[in-house]
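Remember, predicted model here, so these are calculated numbers, not experimental data. Chain A is the first sequence line, chain B the second, and so forth, proteins listed ahead of strands; every chain is numbered from 1. The basis for the numbers below is simple: all heavy atoms, side chains too, and nothing from hydrogens, waters or symmetry mates.
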Protein chains: 6
Amino acid sequence: MLAVARGTSSIARTKRDLKVFSGTAHPTLARAICHKLGISLGKSEVRKFSNDNIFVRILENVREKDCFVVQPSCPPVNDGLMELFIMIDALKSASARRVTAVMPYYPYVRSDKKDEPRISVAARLVADLLEAAGADRVLTMTLHSEQVQGFFHVPVDQLSAVQLVCRHFRRKDLSKAVVIAPDAGSAKRAGRYAERLGLPLAVADKRRSGAHDDTSRFERIVGDVDGKDVLMFDDEIATGGSMLGLLAYLRQEHNVGKVYAGAAHGVLCGDAVERLEASSFEQIVITDSVPLPRKKRSEKIKVVSAAPLLARAIYNIHTGASVSALFT
Amino acid sequence: MLAVARGTSSIARTKRDLKVFSGTAHPTLARAICHKLGISLGKSEVRKFSNDNIFVRILENVREKDCFVVQPSCPPVNDGLMELFIMIDALKSASARRVTAVMPYYPYVRSDKKDEPRISVAARLVADLLEAAGADRVLTMTLHSEQVQGFFHVPVDQLSAVQLVCRHFRRKDLSKAVVIAPDAGSAKRAGRYAERLGLPLAVADKRRSGAHDDTSRFERIVGDVDGKDVLMFDDEIATGGSMLGLLAYLRQEHNVGKVYAGAAHGVLCGDAVERLEASSFEQIVITDSVPLPRKKRSEKIKVVSAAPLLARAIYNIHTGASVSALFT
Amino acid sequence: MLAVARGTSSIARTKRDLKVFSGTAHPTLARAICHKLGISLGKSEVRKFSNDNIFVRILENVREKDCFVVQPSCPPVNDGLMELFIMIDALKSASARRVTAVMPYYPYVRSDKKDEPRISVAARLVADLLEAAGADRVLTMTLHSEQVQGFFHVPVDQLSAVQLVCRHFRRKDLSKAVVIAPDAGSAKRAGRYAERLGLPLAVADKRRSGAHDDTSRFERIVGDVDGKDVLMFDDEIATGGSMLGLLAYLRQEHNVGKVYAGAAHGVLCGDAVERLEASSFEQIVITDSVPLPRKKRSEKIKVVSAAPLLARAIYNIHTGASVSALFT
Amino acid sequence: MLAVARGTSSIARTKRDLKVFSGTAHPTLARAICHKLGISLGKSEVRKFSNDNIFVRILENVREKDCFVVQPSCPPVNDGLMELFIMIDALKSASARRVTAVMPYYPYVRSDKKDEPRISVAARLVADLLEAAGADRVLTMTLHSEQVQGFFHVPVDQLSAVQLVCRHFRRKDLSKAVVIAPDAGSAKRAGRYAERLGLPLAVADKRRSGAHDDTSRFERIVGDVDGKDVLMFDDEIATGGSMLGLLAYLRQEHNVGKVYAGAAHGVLCGDAVERLEASSFEQIVITDSVPLPRKKRSEKIKVVSAAPLLARAIYNIHTGASVSALFT
Amino acid sequence: MLAVARGTSSIARTKRDLKVFSGTAHPTLARAICHKLGISLGKSEVRKFSNDNIFVRILENVREKDCFVVQPSCPPVNDGLMELFIMIDALKSASARRVTAVMPYYPYVRSDKKDEPRISVAARLVADLLEAAGADRVLTMTLHSEQVQGFFHVPVDQLSAVQLVCRHFRRKDLSKAVVIAPDAGSAKRAGRYAERLGLPLAVADKRRSGAHDDTSRFERIVGDVDGKDVLMFDDEIATGGSMLGLLAYLRQEHNVGKVYAGAAHGVLCGDAVERLEASSFEQIVITDSVPLPRKKRSEKIKVVSAAPLLARAIYNIHTGASVSALFT
Amino acid sequence: MLAVARGTSSIARTKRDLKVFSGTAHPTLARAICHKLGISLGKSEVRKFSNDNIFVRILENVREKDCFVVQPSCPPVNDGLMELFIMIDALKSASARRVTAVMPYYPYVRSDKKDEPRISVAARLVADLLEAAGADRVLTMTLHSEQVQGFFHVPVDQLSAVQLVCRHFRRKDLSKAVVIAPDAGSAKRAGRYAERLGLPLAVADKRRSGAHDDTSRFERIVGDVDGKDVLMFDDEIATGGSMLGLLAYLRQEHNVGKVYAGAAHGVLCGDAVERLEASSFEQIVITDSVPLPRKKRSEKIKVVSAAPLLARAIYNIHTGASVSALFT
């Protein structure tokens, strides 16, 4: 429960007006958020017709209510997105006062620029589609690039997973540790972890064969890692290919100690979990922004919950309190 | 090839400016349309990243070109839709002069009204999303209800499959045939077939238990079907449940002769093909607006191609000739 | 007065913020609604300059108020529409918090599809114009087709007149009655009356000469009407031509008993009232969604008031209570 | 015919692409414009259903055509406006390349400011509605205030009737003439006539009782009119009340010679024609921007045709030639 | 302090929700407004980077707050405008409930019409840009032409400086005074002062050489000024050129007594102050809508504060009380 | 002149339709572009009124023309922006067919994210304002972050200055050179130069005291620079502070050889030129995207012209040829 510095009646009113709904993407997270808020999850029905069309029905009155829909991106990504659009439309046409899309992991987030001719900046397209569907606000966490926030005309609150992940590492002995960025593009992002943990930074100088080629080749490590424990940070771990590749390179070319990985989003597609488990990583730390079946969790893959942070942000958005105060 | 009443140079110019692209939903149809138009299919790359995000790249210059994207709705429906949005966005941001979404079978077409509280008119939402993605026009065929055309602000050309399907039935002996509408809601639609074939109309009086309940119960047949051959028409055949149910009812309660079914769209989801094959239907006639694997086609399930009609419509849209002239 | 489960002060506050205005179309209905709500009609001035331009002035402060403008469609239709647009604009630019257009009978409602080339879907156009004028919501009743609701981007509440009209018929002896739809297009609509009254359904199979030709010819009655009392239902009665034609056909070709007519909207244009009075209809039941001069009412033309239903809907919209709860 | 400095084939192409349609407001003007352009009037059908709803059908293919709809404002003003909106919508949804509303006399033009609380700037509202209906451009003549042009987001060409009207007065003996503005608000407008005719200016100092009160009282004439012939100019003559009142005041309080009146728009509502005929005005000069039945014209009420100017403007808009060159 | 007829708790709530911010244009005015409202000025930081780009940071939480940004137009005009756009955007993306641009002197207000070919109606463009930046309302004072209010889609409250300026003149002996309009275009505006002060009106008949030529030539004075004290009124005094020119003409051609000038906006650019001080004007009365350094004020240039009027308007907008009541 | 593979008549037509205008920001660049295109610069008048308001007049007919306005960002930045908005608006309302804003250096480009609470993503705001003013396209070069392209809904072509700058360095002896990124955030950008020149990459690990604090402190150089020639690359050089600081650090802490700097945009504000001239930089290479007075150029500050690349891009946009082909 949140500690709330208000009179009881005011809280009661707040609770009558605040509604949190969940799509089918991550109901566990939605329930955890509601638990923190001390409210029940909003009632809705989401199913597919035999022709693969999604049907959504909101099962309680939402007129003049302040509604939040929890739907991070996870496979099947496009079903999740259309479901979100349809839920938002259903809520708005049912006269909800305000609808906030809660997308801790934002879909198509890496398609944030036009680095080849005749492609779509799909992260921007998704922003347009969300607004066309009627979203009044967005609440998200650790975007791949901060500029994505500028793709929206509606207000966006971006939370940061850096604190959540660092809090876990602080308990460890970091006396001879170094933070490494898996490539030049993530140097700034890794730098933020380094600053918070008070550690030096190294950057892997990596050259990809083509723009969308998953294979890549490390040229060298820029910075000093020999004899050090290494903390690798990125915004997300998808196939795990980049991080595993860097791990192998470090083990082969350098004399490194323990190697950890950390990321905001554990996308973990394909056999990523199995490969990470089998690796020489000491531990991988992620948040629960993307659903990970409980059975796939282990000591090695540590999941930190973002639910308390999301709940606080929702509460502050709802009551008009500062959200930036949450991450400074 | 279309017979074109113009000088050669003018056709040549036309062909340079006209581009037809295909998403992954129904490339066979797109190729058939291009064959009729005497042009090659536009080059594009559509694939999925490991994280289930779609990536689209247009592989030829489309600046100032008149582009058509062929993408009817078929499972996986939402992948097909997002793919279409992304292709349209990629074409528009690559400075295409005009992008027309060619959707012979329109997605979410039956979600065209708010017959329950707090649901989405998803057919309208899809129209909004298409416009947000940048579609300048839509070309479609036989919408579930004609009002769906009004959901768009951009011009929509709606072709009719009635002619295509009727042409097939005209070759048969219809001397003692009657047209039947599977329920009151489709009476008007079936009436159009009856008018064109010069046959009387009957209507099945059917009561559903609930709004989205697939189970249903026939009360009676309004009109005279005993001793008659029966032609059942609807806009689409999805599971085939409605039509098979009516067939069973007719066989049990009435003394009917041969029974045929016809529809614009052979959605044929689940084991619809198998069940129709096993039924006492004489024949089912549909168009190729939705892809049907060639191996699933048979004498019983007759597929009439809509490609010539679509090609003519595209040609007329491109050259500014009348499209309504095609279906009167 | 509405029974309201709230404390007195809360009602008082509600009454300060809620304003109902009337255009010149149907002030009687507006006053009846206000009477039910226990408030006075908002003060406004509407008149025409000598050059036929409409002038509207709102005569009381409406800043931050929740305003409703009652203006159903009735001749002169276009004066009524422009007047509504101008009132909405005047209210919005006077800083009204929200403006809801209350249009129990929606204008141009039958122009809901493009069934001929190069015509306007005028019902959709009117929706666009309402939104351009600044309408935040619409409250309407029994649209000709349910899809019209999808023509709006702002929330629309559609009430149903079926209950109001059926309530009247329930008092009669319906033991040998049948419901008839005047043509295939209204089969679904008539079916809803049949279901609510628990009566069988028949459909008149009627062929029009042309799309907009008022003359028409009945082919046959699909279903059993001989020896029965007949209840004819449609969404509106305009000239009465369709219903009188069907009545004549029934009297000539079938042995029917008493014949009743019912509709949501008594448009009753031209000499419709006189012709209906002179006919063999037992009774015609309509609501007061369209103004009917009191002198034209009689035992034969029974007008059921929609004011209580509209007042409840306005109250629930204003207070954020469920509107769908009103018609289930 | 316009003298056109181009090759024949180019003109032929131009004529294929240019379409001029007329609403029911002023077909005489539309035909005169078409005659000047050497093209036939576009075929359309406009009528009213029995329920007072307007129905419009465009009877020829307009795909990719450059369409102009001639519809000045005249009673019944709101029928004319809705008809125009519907025609524009029909043309746009029929894929017209561009639709220009040709409104030589613009409706609601005097409602161009908010000089009382809680009124609508209806001239601006009409601009919004025209854009919502799909108008791509507007062609108008002599707006009441020049700022009205700024109410539009689409390009507006405003022609001036000053030349047309002055040309007529130049033939007269103006040696002892003075131009008078009927009130302070029209001083600038009358000044433009004075400058073009090289005459001195006087202003009637008039005080109205209320903002919309048609009665008014002249305080004095600011400037010298005694012993002079007087030319009174305004943008429009509606009831004629202002001008007749000033005439009476001049005759009573000053020793004036012949008195003439001139205006761009002869709205002439009510018994204006009769009252002007019966007055001591020497002559009243107007254009045919608003229809005036031929029988009402006389030597006293001189109508100068704006058709040649409108035709040239349409031709220049269509071919991309300068329009401003027409009025300098 | 405003006298407020409400309970204490309600005022307290009001004060929590109301925020007034200032750009760098006129902080003195903003502080005076806040003083009248009894609140502190909102905290913000506005500065320029070395590359001349403006940076704005709002230094207190504004979620769900009702924010007003005081920024009249004054040199450097375009810096002030961009600063205003950026402040509005910062407030909106920080989730302010509503942002009102308080622009007592509106920028580009004289560019309100297209009196030459191919120019911008810049006053309209600024309205579009303000709306694009996210402004929800505008509060302004004495626009050059009243039609400018119609350039906005958001609600605009226009206050009038006539009262403020006239109040000052009422204390003087006006027994032989006449009001003069500096040219025909300002006759209506000056007429409003004349009506309020109960004085006769004269108009200077002035011909400019070109549309934007600052040099001009007086033809004559229309009306009687000899032997009179003269009050010259306009909406603004920029270079003072027009008024000084008229003063010189009056002194040379007519036998006038004391001459005063009054205007809503003392733009006073270039050496206007010096030239006015050196002139034979008895006094010049303006408001503080545009900042005038205190040292430049004198007995001759009298500045009446608009702060009390603006504060009342802000308070009434905030609380939903009538604003029009303030100026009648 | 561009080599153009077309017939003469076609080029002639092209030249009639293509217009390039210049604001006051960088007429030298605009003229150089026109020279390359073989056309004259479009005639326009841009000046300021005495009240600091900008006035723009387009002095030639632009109806149906394809117009480009060259206006990179340079001090006074906000004057340049407002001037651009006004020019675009003037062109659009003068019926230009298409207006492309040519902004080689994009204003507010570094305000591309919300890295502090309650600030504006001003680069996005500028995109919104450009679209509100009527821009149909944007042509720019080397944006600070590639995501800025996604801030637009209209098509954007982004050219790259990497080639232009690298071409200059290729002539030098790079056998023992290393590329260095001035901070982690520019590592990716510098990496592109390193790849094109085939050189290794180093990154300066720099910690700023605050988000907008210009003072900063280098922790270490990540990578090997001792004994090497160093090439420092960034997107722009503003005050030069970052680069000069790094130069000093390299000289003090490392044994480096020649040090060069390169950037797309030579903003060079304040006394940047003087400081760079006085430094131990061997050479600084920039393009002419921002105006640099000829007298300030020297052997040390080498300016490469972007005019040929911009001219080619404009030509290809105008004729519908591929623009991406220009930079691959």
Side-chain angles (χ1 to χ4, degrees), chain A residues 2 4-7 9-11 13-14 17-18 64-68 96-102 106 124 127-128 130-131 135-140 143 146-159 310-328, chain E residues 7-10 12-21 39-40 42-45 49 53-69 82 85-101 128-136 153-154 318-320:
Chain A
L2 294 173
V4 181
R6 290 198 167 200
S9 70
S10 156
I11 292 184
R13 189 181 54 77
T14 296
D17 283 356
L18 173 63
E64 306 303 323
K65 298 289 183 294
D66 190 14
C67 301
F68 293 77
R97 175 160 56 84
R98 187 169 68 170
V99 179
T100 301
V102 181
Y106 186 80
R124 161 60 185 266
D128 288 344
L130 279 165
E131 292 185 11
D136 296 298
R137 308 184 54 89
V138 169
L139 174 59
T140 187
L143 295 165
E146 292 187 284
Q147 287 83 359
V148 170
Q149 196 163 352
F151 291 175
F152 283 89
H153 283 93
V154 296
V156 175
D157 288 299
Q158 186 193 177
L159 304 174
L310 288 163
R312 265 171 201 282
I314 287 171
Y315 188 80
N316 286 14
I317 290 170
H318 177 62
T319 57
S322 173
V323 169
S324 62
L326 296 180
F327 45 89
T328 47
Chain E
T8 319
S9 70
S10 158
R13 190 182 53 78
T14 295
K15 290 190 178 164
R16 263 210 317 278
D17 283 357
L18 173 63
K19 296 274 177 192
V20 175
F21 292 91
I39 61 173
S40 328
K43 289 186 197 62
S44 64
E45 174 194 356
F49 290 125
N53 284 4
I54 293 167
F55 172 73
V56 170
R57 192 162 44 165
I58 306 299
L59 297 169
E60 48 184 294
N61 179 32
V62 295
R63 284 188 184 254
E64 307 302 322
K65 297 291 183 292
D66 189 14
C67 301
F68 293 77
V69 185
M82 278 304 297
F85 298 152
I86 293 172
M87 285 192 89
I88 292 171
D89 184 53
L91 287 165
K92 291 293 282 189
S93 69
S95 303
R97 175 161 56 83
R98 186 169 68 170
V99 178
T100 302
D128 289 344
L129 299 179
L130 279 166
E131 293 184 10
D136 295 300
H153 283 93
V154 297
H318 177 61
T319 57

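When side chains are defined from C-beta on, E/R63 does not count as touching A/N316, because their heavy atoms never get closer than 4.5 Å.
Between the side chain of E/N61 and the backbone N or O of A/G320 there is at least one donor-acceptor pair closer than 3.5 Å.
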(request) With side chain to side chain contact (heavy atoms under 4.5 Å, CB included) as the test, would you mind laying out the steps for A/Q149 and E/S93 before giving the verdict? (result) CA-CA 10 Å; A/Q149 196 163 352; E/S93 69; over 6 Å; no
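The side chain to side chain contact (heavy atoms under 4.5 Å, CB included) test applied to A/D66 returns A/F68, A/R97, A/R98, A/H318, not counting sequence neighbours. For A/Q147, the side chain to side chain donor-acceptor pair (under 3.5 Å) criterion is met by F/D112, F/S145, not counting sequence neighbours.
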